[in-house]
Each structure stands twice: as C-alpha cells, then as structure tokens.
Amino acid sequence: MFLSGIVAVIIKSQGKELKPPALLVIQSLVSSIAFLILIAIMRDFMLMFTISWKALLPLIFAALLGIIFGNLLYFASLQMIGVSKAYPISMTYPLLTYVLETAIFPEVTFEWLKMLGIATVITGIVFISLSKVNNDTTLNEEMTVEASMLENPEELAEEKSPVEIRMLEKPAISSVNITEKNTWMKKRTVMGIILAAIASTTWAGGTILIRYGLEQTSVAIIPINAARMAFLTPIATIIFLSMNRGKYKSKFTWKNVSFGALAAILGLVVANIIYLVAIERIGASTPAAIAASGPLVATPLSIIFLKEKVDWKIILGTIFTISGIVMIIPVSYTHLRAHETVLDLVC
C-alpha cells in the first residue's frame with residue numbers, strides 16, 4: 001500500500017517526458033532484469049522452467065491484464081486527471097475482486113459488512129468523479145496564459161515563458177478558444193475517469209487469475225515472477241515501438257529513466273513480491289483491499305511534491321473510499337483466523 005502510493009507520485013512526476021508506453025517498457029525491462037538477478041543469486045533459475053502450463057498460463061494472463069493493459073490505462077489516466085483523482089478511482093478494484101472471488105471460489109462466503117464497504121467506496125468514487133479539479137499541468141498552464149493574454153496582452157511583451165511564446169505564435173485568440181479548451185478539458189477528464197475505472201477492472205481480473213495460478217503450483221513467488229516478466233517484456237517493447245510517435249513520443253533523459261526504474265523496483269519487484277505472497281497466504285480480496293488504501297499515501301504526497309490541487313469532493317471521496325475498504329478488512333481477517341483454528345485442530 002505504501003509502495004504503490006509512492007510509485008504513483010513518481011510516475012506522475014515524470015509524465016511530461018515519459019509517456020505511458022515508455023513507462024511500461026522501462027518498468028517491464030527493469031523488473032525482468034531484477035527478477036533474473038534475484039533467482040540467479042538464489043540459485044533458483046531452473047525453477048522457472050518447472051512451472052506447469054496449468055499454473056503459468058493464468059499467471060501470464062494475469063500479468064497481461066494487470067501489468068500491461070491495466071498499467072497502460074492507469075498511466076494514461078494519471079496524466080489526464082492527476083494522482084488525486086486517478087489513484088482513488090483505480091484503487092477500487094478490490095470491489096470487483098471480492099465479487100469475482102465469491103462467485104468463483106466456493107470457500108469464500110458472502111458478507112454484508114463487505115457489501116456495506118462496497119457501497120461506501122462507490123459513494124467515494126462518485127464524489128471524486130464529480131470534482132471539477134483538473135491536474136493536467138500543461139493544459140492548466142496554457143489556459144492561464146490564454147486568459148492572461150485576453151485580459152492584459154501588453155504585459156506579455158516583457159518576459160515570456162516557452163508556453164507563453166507558443167500561445168503568442170497562435171493566430172487570433174478569443175474567448176471562443178477558452179470555451180473550446182474548457183470543453184476539451186472536460187472531455188479529457190471524463191476519459192481519464194473511464195480509463196482509471198477500466199484499469200481497476202483489469203487489476204481485479206488479474207488478481208483472481210493470480211490466486212488461481214498460485215493454487216496450481218508449488219514453485220516459489222520469485223521464480224514465478226521472473227517467468228511472468230520474461231513473457232511481458234517483449235510485449236511491452238512492441239507496444240512502445242508501435243506507439244512512440246506523435247503525442248505519445250517520449251523524451252528520454254537519465255533523470256526520468258532513473259525515476260522510471262526506481263518506480264519499477266518499488267512497484268513491480270518489491271511490492272509485487274509482497275502482494276503475491278499475501279494472496280498466496282490469505283486469498284485475493286483482503287490483500288487487494290489493503291493495497292487499495294494507497295490514497296492515504298498518494299494524495300498527501302501529490303499535494304506536497306506535485307503541487308496538485310484538491311477540493312472538498314476529492315477529500316471527502318477519498319475518505320469514503322478508504323473507509324469502505326477498511327470495512328472489508330476485519331471480515332476477511334476474522335475468516336482467516338477461523339480457518340487457521342480449524343487447521344490447528346485438524347493437525
């Protein structure tokens with residue numbers, strides 16, 4: 001939960017230069033290398049090739065859903081609507097995870113407290129989605145410049161920033177341009193919310209597939225992840241090569257590549273290992289619910305370091321979202337303790 005919140009802020013901070021396809025390929029490549037080094041040090045390299053296809057296929061499809069498609073949509077959403085909105089919306093995937101887990105795995109029982117938590121989270125998402133705050137820095141900067149040019153055009157003759165120069169080079173600017181830009185920004189915000197919601201769905205499906213795959217093998221988590229990332233890296237590279245043009249063209253520097261690599265180590269390596277171990281031990285919905293509490297970390301960090309703006313709807317929505325997720329955890333913990341007691345009696 002802590003690591004995913006930190007990673008969200010790191011990714012957003014490099015979003016101007018590194019577009020979603022570039023972030024995806026950097027994260028996949030770095031995490032693949034990291035896992036291969038880990039299994040080489042642990043002398044578990046050959047275990048990668050002992051995973052049965054019955055276990056490997058769902059684990060690979062889970063990675064495709066969550067890491068490739070889910071992260072690609074999530075990265076795009078971050079750039080459109082900012083961390084404070086995209087992160088809480090995308091972190092609702094425990095809701096669908098719980099529904100799927102209850103339907104697929106017979107040992108998971110339905111609980112009203114979890115349903116109350118789900119209703120509370122949905123309420124929070126509604127508040128967040130209704131917020132009119134837009135944290136697309138570049139668009140906001142250009143809007144400010146256009147408004148300034150309409151009100152005080154003579155003041156821009158002295159010192160001009162790169163954005164101001166671009167705006168001055170445009171033909172006649174009027175209030176119509178401002179209205180059109182506002183309309184486009186609203187559409188962009190709606191699209192960002194939709195992408196974050198779809199990302200949430202792919203992560204839920206991936207989490208269920210992970211649980212199923214882990215139940216089909218006794219191979220340790222790290223070799224499993226090494227095998228998964230070995231499959232994902234070529235796919236991420238193809239996506240990057242096909243999309244790295246136009247508005248998706250990235251500018252690589254040592255700084256942004258280093259931050260992208262750091263996000264990969266924290267998110268796809270360390271956090272991923274911890275998350276898979278948790279799913280293996282206590283099922284899918286509880287780890288997903290705890291991990292989704294990341295807005296507790298991401299929202300304050302985005303305000304402090306990224307200077308993102310929030311309003312009362314975002315704050316209230318985040319509180320509702322986290323409160324709903326907290327309701328889910330005690331139920332899962334109670335069932336875990338009961339399950340362990342039965343195992344102790346049997347032993």
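Numbering of residues begins at 1 and proceeds along the displayed sequence.
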Peer 1: Rounded to the nearest 0.5 Å, how far apart are CG of L38 and CD1 of I221?
Peer 2: 13.0 Å
Peer 1: Just wondering, more than 12 heavy atoms not from F252 lying within 6.0 Å of its CZ?
Peer 2: yes
Peer 1: The test is side chain to side chain contact (heavy atoms under 4.5 Å, CB included); show your working for I39 and M48 and say whether it passes.
Peer 2: CA-CA 9 Å; I39 61 174; M48 286 177 55; 3.2 Å; yes
Peer 1: Which residue pairs pass the ring pair (Phe, Tyr, Trp, His ring centres under 6.0 Å) test when at least one of the two sits in residues 210-229, sequence neighbours left out?
Peer 2: none
Peer 1: In the structure I gave you, are the side-chain heavy atoms of L59 and L209 within less than 4.5 Å of one another anywhere?
Peer 2: no
Peer 1: What is the minimum heavy-atom distance between A196 and A86, and which atoms define it?
Peer 2: CB-O, 3.9 Å
Peer 1: Just wondering, do M80 and M191 contact through their side chains at under 4.5 Å, heavy atoms?
Peer 2: yes
Peer 1: Please say yes or no: joined through hydrophobic side-chain contacts below 4.5 Å, possibly via intermediate residues, are I37 and M46 part of one cluster?
Peer 2: no
Peer 1: Dump the intermediate steps for side chain to side chain contact (heavy atoms under 4.5 Å, CB included) on I239 and V25, then the final yes or no.
Peer 2: CA-CA 8 Å; I239 292 174; V25 75; over 6 Å; no
Peer 1: Assess the residue pair F61 and L64 against the criterion (side chain to side chain contact (heavy atoms under 4.5 Å, CB included)); give the C-alpha distance rounded to whole Å, side-chain angles, the decisive distance to 0.1 Å, and a yes or no.
Peer 2: CA-CA 5 Å; F61 278 116; L64 285 172; 4.0 Å; yes
Peer 1: Apply side-chain hydrogen bond (donor to acceptor under 3.5 Å, both in side chains) to the pair S200 and S90, showing each step before the final yes or no.
Peer 2: CA-CA 5 Å; S200 174; S90 62; over 6 Å; no
Peer 1: Side chains of S323 and T120: donor-acceptor distance under 3.5 Å anywhere?
Peer 2: no
Peer 1: Using every non-hydrogen atom in the two residues, find where V219 and I224 come nearest and quote the distance to one decimal.
Peer 2: O-CD1, 3.4 Å
Peer 1: Drop me the distance from I235's CD1 to L24's CG, to the nearest 0.5 angstrom.
Peer 2: 10.0 Å
Peer 1: Report whether I273 and L266 are members of the same hydrophobic cluster (ILVMFWY, side-chain heavy atoms less than 4.5 Å apart, transitive linking).
Peer 2: yes
Peer 1: Calculate, to the nearest 0.5 Å, the distance between atoms CZ and CG belonging to F240 and L23 respectively.
Peer 2: 10.5 Å
Peer 1: Given side chains that start at C-beta, do those of R228 and I67 come closer than 4.5 Å, heavy atoms only?
Peer 2: yes
Peer 1: To the nearest 0.5 angstrom, please state how far the CG atom of L73 sits from the CD1 atom of I68.
Peer 2: 11.5 Å
Peer 1: Once ring pair (Phe, Tyr, Trp, His ring centres under 6.0 Å) is applied, do any residues pair with W112, and if so which ones, sequence neighbours excluded?
Peer 2: F110
Peer 1: A side-chain contact here means heavy atoms from C-beta on lying under 4.5 Å apart; do Y93 and T201 qualify?
Peer 2: no
Peer 1: Quick one: are F35 and L268 in side-chain contact, heavy atoms under 4.5 Å?
Peer 2: no
Peer 1: Check for a donor-acceptor pair, side chain of R43 on one end and backbone N or O of A40 on the other, with a separation under 3.5 Å.
Peer 2: no
Peer 1: State the CD1-CG distance between I81 and L195, to the nearest 0.5 angstrom.
Peer 2: 8.0 Å
Peer 1: Give a yes or no on whether V7 and I265 share a hydrophobic cluster (residues Ile, Leu, Val, Met, Phe, Trp, Tyr; joining criterion: side-chain heavy atoms under 4.5 Å apart).
Peer 2: yes
Peer 1: Between I51 and A227, which heavy-atom pair has the shortest distance, and what is it?
Peer 2: CD1-CB, 4.1 Å
Peer 1: Would you check if L100 and F105 make a side-chain contact, meaning some heavy-atom pair closer than 4.5 Å?
Peer 2: no
Peer 1: I need the minimum non-hydrogen distance between I26 and G260, along with the two atoms involved.
Peer 2: CG2-C, 3.8 Å
Peer 1: Distance check, rounded to the nearest 0.5 Å: I89 atom CD1 versus I194 atom CD1?
Peer 2: 10.5 Å
Peer 1: Before giving the answer on side chain to side chain contact (heavy atoms under 4.5 Å, CB included), spell out for D44 and L47 the whole-Å C-alpha distance, their side-chain angles and the decisive distance to 0.1 Å.
Peer 2: CA-CA 5 Å; D44 287 339; L47 286 179; 3.6 Å; yes
Peer 1: Taking the side chain as everything from C-beta on, heavy atoms only, tell me whether I282 gets closer than 4.5 Å to P287.
Peer 2: yes
Peer 1: Is it true that a side-chain atom of S31 and a backbone atom of Q27 form a donor plus acceptor pair closer than 3.5 Å?
Peer 2: yes
Peer 1: Can you name the nearest heavy-atom pair linking A236 to S28, along with the distance?
Peer 2: CB-OG, 3.5 Å
Peer 1: Find out if a path of hydrophobic residues (ILVMFWY) with successive side-chain heavy-atom gaps under 4.5 Å connects I41 to L36.
Peer 2: no
Peer 1: Any sub-3.5 Å donor-acceptor pair from N256's side-chain atoms to T253's backbone N or O?
Peer 2: yes
Peer 1: Tell me whether M42 shares a hydrophobic cluster with V270, the cluster being built from Ile, Leu, Val, Met, Phe, Trp, Tyr side chains joined at under 4.5 Å.
Peer 2: yes
Peer 1: Look at the side chain of S250 and the backbone N and O of K19, then say whether any donor-acceptor pair between them is shorter than 3.5 Å.
Peer 2: yes
Peer 1: Looking at residues at least two apart in the chain, or sitting in another chain, which of them share a salt bridge (Lys or Arg N to Asp or Glu O under 4.0 Å) with E215?
Peer 2: R211
Peer 1: Taking W203 as the fixed residue, which of N71, L65, L96 is the one that meets the side chain to side chain contact (heavy atoms under 4.5 Å, CB included) rule?
Peer 2: N71
Peer 1: Between S13 and I10 (side chain of the first, backbone of the second, donor and acceptor by atom type, cut-off under 3.5 Å), is there such a pair?
Peer 2: yes
Peer 1: Would you check if the side chain of E17 reaches a backbone N or O of K251 as a donor-acceptor pair within less than 3.5 Å?
Peer 2: no
Peer 1: Can you find a pair of side-chain heavy atoms, one from P21 and one from N244, that are under 4.5 Å apart?
Peer 2: no
Peer 1: Taking all non-hydrogen atoms of both residues, which atom of G213 and which atom of A55 are closest, and how far apart?
Peer 2: O-CB, 3.5 Å
